[in-house]
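None of these values were measured; they are calculated from a predicted model.
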Amino acid sequence: MSTSPHRASDHQPEDRQDTVATGRAGHNGVLFAMCLSLVLVVASVSALNLALPDLAIDLSATNASLTWIADGYTVALAALVLPLGAIGDRIGRRNVLVAGTVVFGVASLAASFADSTTTLIVWRVVMGLGAAMIMPGTLSTITAAFPPRQRAKGVATWSGFAAAGAIIGMLAAGALLEWFSWRSIFIASAATAVVAAAAALLLSPNTKDEHPSPPDVSGAVCTALGIGTLVFAIIEGNERGWTEPVVVASLVVTVLAFTAYAWLGLRREHPLLDPALFGIRGFRAGAIVVLVQFMAVFGFFFVGLQYLQLILGYSPLKAAAALVPVAVVVLPTSQVTPHLVRRVGMKATMTVGLLLLSAGLFVISRLDVGSGYLPFLGGLVLAGFGIGLSGAVGTSAITGSLGRGQQGVASAMNDTTREVGSAVGIALMGSIYGSHYRANLPGSLDQLPPEAAEAARDSAAAGLHVADQLGVRGAGLADGVKAAFMDGLSASLIAVGVIVLAAAVGCLFRAPKAPPTAD
């Protein structure tokens with residue numbers, strides 16, 4: 001995968017490229033197939049969040065284990081999406097995508113039989129491998145198949161489904177959990193993978209880079225190692241303590257891995273992802289916007305769904321339905337974003353989008369045990385407008401900064417920032433929530449039998465389960481567990497809200513006013 005700014009494939013006749021790329025399926029067929037595969041990947045990040053309370057009880061999962069169950073998938077996806085995107089550019093994006101659906105489907109089916117947290121985490125990691133094979137081909141196929149005059153609309157639709165796919169996954173999971181156990185989520189994911197593979201084979205072209213570059217093994221190793229150790233350090237740092245040798249060592253490896261990636265990348269003729277690309281203002285701004293947006297979104301889903309189920313007492317389906325307003329706002333907002341960028345500029349759209357997202361997080365951080373749903377909804381709608389604006393313009397900034405022959409690079413960068421953001425967001429918010437939850441549990445917990453007390457410390461779901469078994473004597477414990485949960489929720493939302501706000505300020509001063517036009 002070359003990342004040099006001038007490529008022979010950038011200058012192919014546009015009409016010929018469009019005909020080859022879309023074939024008989026047409027642009028709508030390509031868009032449908034790629035968005036279906038996209039939803040499969042994104043939905044699997046969010047769907048299992050609804051089952052976290054059940055997993056905490058059924059598999060005796062601690063808060064740290066729950067974080068790894070959610071993040072094992074996203075870490076593998078984030079760490080491997082760049083090298084697997086490069087392989088897709090070389091041998092055909094559809095080929096790798098379809099192979100990925102097979103890996104994803106088999107691993108998902110195997111996960112449905114897991115009888116321990118360790119086994120489930122392992123299969124979630126394998127699912128992440130399959131997702132990393134699927135994800136890069138979705139956006140790069142769209143950008144390769146669509147001519148420049150239609151590409152913004154295609155990217156905006158992709159971006160809308162990238163955000164709404166999380167809600168779609170949660171609604172499907174919520175419906176399944178009304179009648180079946182958490183295992184049904186994995187069975188349904190396996191079945192959906194079969195449908196996605198068929199749609200890709202029938203409707204999408206097998207695009208690839210006509211001038212592939214030599215593989216960059218060192219770049220792949222450095223990025224995978226850096227991402228994996230970073231997430232490990234975040235999760236285990238809050239669990240074990242930041243001065244623990246294993247945590248310090250992980251942080252050192254993270255710094256060394258990314259330093260080596262940058263040093264080697266600047267010296268290779270064809271790096272996996274050229275570090276010099278971050279010198280392009282639009283590319284850099286788009287990467288930051290997508291990174292922090294998905295850090296906020298999927299970190300919020302991890303803790304927000306537990307608020308709806310544990311504090312408000314919603315069923316899984318009702319909890320998923322309670323988040324539908326996000327999709328209702330995000331999809332139309334992402335569609336109008338290209339017109340808004342043309343009118344007010346990219347910088348203003350990026351900045352406003354991130355400000356709205358941070359405002360939504362801060363509103364929800366002010367909730368308490370008795371707040372109810374309406375204040376939650378207010379913050380949700382604010383965040384939804386922010387997600388719609390920032391997601392679409394961030395992705396367009398990345399893809400628009402590079403030429404048509406480099407759309408595999410652009411897609412891989414967009415996917416990497418999304419998944420790194422998701423992985424770090426889940427790890428960061430899950431860890432902050434977990435540490436504040438444990439620190440704010442009532443002292444009366446020590447009066448319980450050791451096993452019951454330890455279960456309550458492990459997770460809020462287990463704590464409420466223990467309180468329920470105590471009958472009237474458990475009312476005080478239930479109140480204490482809920483209050484501790486809200487302390488953790490508030491702390492995690494404030495932390496990520498500050499990061500999003502900082503990114504908004506950075507965009508205001510550093511992002512280019514007009515969108516890039518590489519073509």
Item checked: Phe113, CZ: over 12 other non-hydrogen atoms inside 6.0 angstrom -> no

Checklist line | Donor-acceptor contact below 3.5 Å, side chain Ser390 vs main chain Gly353 | finding: no

Note to self: Do Leu357 and Val292 have side chains that approach each other closer than 4.5 Å (heavy atoms only, starting at C-beta)?
What the structure shows: no

Margin query: Applying side chain to side chain contact (heavy atoms under 4.5 Å, CB included) to Ser459 and Tyr437, what does each step give before you reach the verdict?
Written below: CA-CA 8 Å; Ser459 72; Tyr437 166 76; 5.7 Å; no

Note to self: Are Leu52 and Leu305 packed together at the side-chain level, in the sense that at least one heavy-atom pair is separated by less than 4.5 angstrom?
What the structure shows: no

Check: For Arg268, which residues count as a salt bridge (Lys or Arg N to Asp or Glu O under 4.0 Å) partner, sequence neighbours excluded?
Finding: Asp216

Note to self: In the structure I gave you, are the side-chain heavy atoms of Leu97 and Met34 within less than 4.5 Å of one another anywhere?
What the structure shows: yes

Checklist line | Shortest non-hydrogen contact between Val290 and Gly394, atoms and distance | finding: CG2-C, 3.8 Å

Note to self: If the test is side chain to side chain contact (heavy atoms under 4.5 Å, CB included), which one of Val330, Thr333, Leu354 qualifies with Leu389?
What the structure shows: Thr333

Note to self: Looking at every heavy atom in both Gly105 and Ala190, which two are closest together, and how far apart are they?
What the structure shows: O-CB, 3.5 Å

Margin query: Looking at every heavy atom in both Ile185 and Ala51, which two are closest together, and how far apart are they?
Written below: CD1-CB, 4.1 Å

Next item on the list: Output, in order, the C-alpha distance, side-chain angles, deciding distance and verdict of side chain to side chain contact (heavy atoms under 4.5 Å, CB included) for Phe300 and Leu323.
Entry: CA-CA 11 Å; Phe300 167 73; Leu323 293 179; 4.2 Å; yes

Notebook entry, point to check: What's the spacing between Leu66 CG and Ile121 CD1 if we round to 0.5 Å?
Noted result: 9.0 Å

Next item on the list: Determine, step by step, whether Arg124 and Leu48 satisfy the side chain to side chain contact (heavy atoms under 4.5 Å, CB included) criterion, reporting the C-alpha distance in whole Å, the side-chain angles of both residues, the deciding distance to 0.1 Å, and the verdict.
Entry: CA-CA 10 Å; Arg124 284 283 286 172; Leu48 203 61; 3.9 Å; yes

Item checked: Any donor-acceptor pair under 3.5 Å from Ser492 side chain to Gly488 backbone -> yes

Notebook entry, point to check: Does Thr229 use its side chain to pair, donor to acceptor, with the backbone of Gly226 at less than 3.5 Å?
Noted result: yes

Next item on the list: For Phe298 and Phe301, run ring-ring contact (aromatic ring centres under 6.0 Å, His included): C-alpha distance rounded to whole Å, both residues' side-chain angles, the deciding distance at 0.1 Å, then the answer.
Entry: CA-CA 5 Å; Phe298 285 96; Phe301 285 155; 5.7 Å; yes

Notebook entry, point to check: Which value, rounded to the nearest 0.5 Å, describes the distance between Thr141 atom OG1 and Leu38 atom CG?
Noted result: 11.5 Å

Notebook entry, point to check: side chain to side chain contact (heavy atoms under 4.5 Å, CB included) with Leu40: which of Thr138, Thr192, Ile168?
Noted result: Thr192

Notebook entry, point to check: Less than 4.5 Å apart, any side-chain heavy atom of Phe104 and any of Ser189?
Noted result: yes

Check: Quick one: does Ser422's side chain get under 4.5 Å of Glu419's, heavy atoms only?
Finding: yes

Next item on the list: Begin with the C-alpha distance, continue with both residues' side-chain angles, and end with the deciding distance and a verdict on side chain to side chain contact (heavy atoms under 4.5 Å, CB included) for Leu176 and Leu50.
Entry: CA-CA 10 Å; Leu176 289 168; Leu50 278 169; over 6 Å; no

Check: Below 4.5 Å, heavy atoms only, C-beta onward: do Gln309 and Pro316 meet side chain to side chain?
Finding: yes

Item checked: Gap between atom CD1 of Ile364 and atom CD1 of Ile494 - 0.5 Å precision -> 12.0 Å

Next item on the list: For Pro332 and Ala327, work out which heavy atoms get closest and say how close.
Entry: CD-O, 4.2 Å

Checklist line | Minimal non-hydrogen separation, Pro53 against Ala461, with atom names | finding: CA-CB, 3.7 Å

Notebook entry, point to check: If we only count heavy atoms from C-beta on, is the Arg183 to Asp58 side-chain gap below 4.5 Å?
Noted result: yes

Item checked: Flag, side chain of Asn206 to backbone of Asn95, donor-acceptor distance under 3.5 Å -> yes

Next item on the list: Could you tell me the separation between the CD1 atom of Ile426 and the CD1 atom of Ile69, rounded to the nearest 0.5 Å?
Entry: 12.0 Å

Notebook entry, point to check: Taking the inter-plane angle between the rings of Trp68 and Phe232 on a 0 to 90° scale, is it parallel (under 30°), tilted (30 to 60°) or perpendicular (over 60°)?
Noted result: tilted

Notebook entry, point to check: Between atom OG of Ser112 and atom CH2 of Trp182, what is the distance when rounded to the nearest 0.5 Å?
Noted result: 8.0 Å

Margin query: Looking at Phe294, is its backbone amide N or carbonyl O close enough to the side chain of Arg418 to form a donor-acceptor pair, meaning the two atoms are under 3.5 Å apart?
Written below: no

Next item on the list: Could you tell me which non-hydrogen atom of Ile288 sits nearest to which non-hydrogen atom of Ala503, and how far apart they are?
Entry: CG2-CB, 4.3 Å

Per-pair distances, 0.1 Å, donor-acceptor, side chain in residues 71-83, under 3.5 Å, sequence neighbours excluded:
from	atom 1	to	atom 2	distance (Å)
Asp71	OD1	Thr74	OG1	2.3
Asp71	OD2	Ala427	N	3.3
Tyr73	OH	Val41	O	2.9
Thr74	OG1	Asp71	O	3.1

Check: Does the pair Thr62 and Ser65 meet the rule for a side chain to side chain donor-acceptor pair (under 3.5 Å), with working shown?
Finding: CA-CA 5 Å; Thr62 65; Ser65 295; 3.2 Å; yes

Next item on the list: Working to the nearest 0.5 Å, report the span between OG of Ser358 and CG of Leu382.
Entry: 9.5 Å

Next item on the list: Using the test ring-ring contact (aromatic ring centres under 6.0 Å, His included), find all partners of Phe302 that sit at least two apart in sequence or belong to another chain.
Entry: none

Check: Quick one: does Ser108's side chain have a donor or acceptor within less than 3.5 Å of a partner on Phe186's backbone?
Finding: yes

Next item on the list: Check the surroundings of atom CZ in Phe258: do more than 12 heavy atoms from other residues, nucleotides or ligands lie under 6.0 Å from it?
Entry: yes

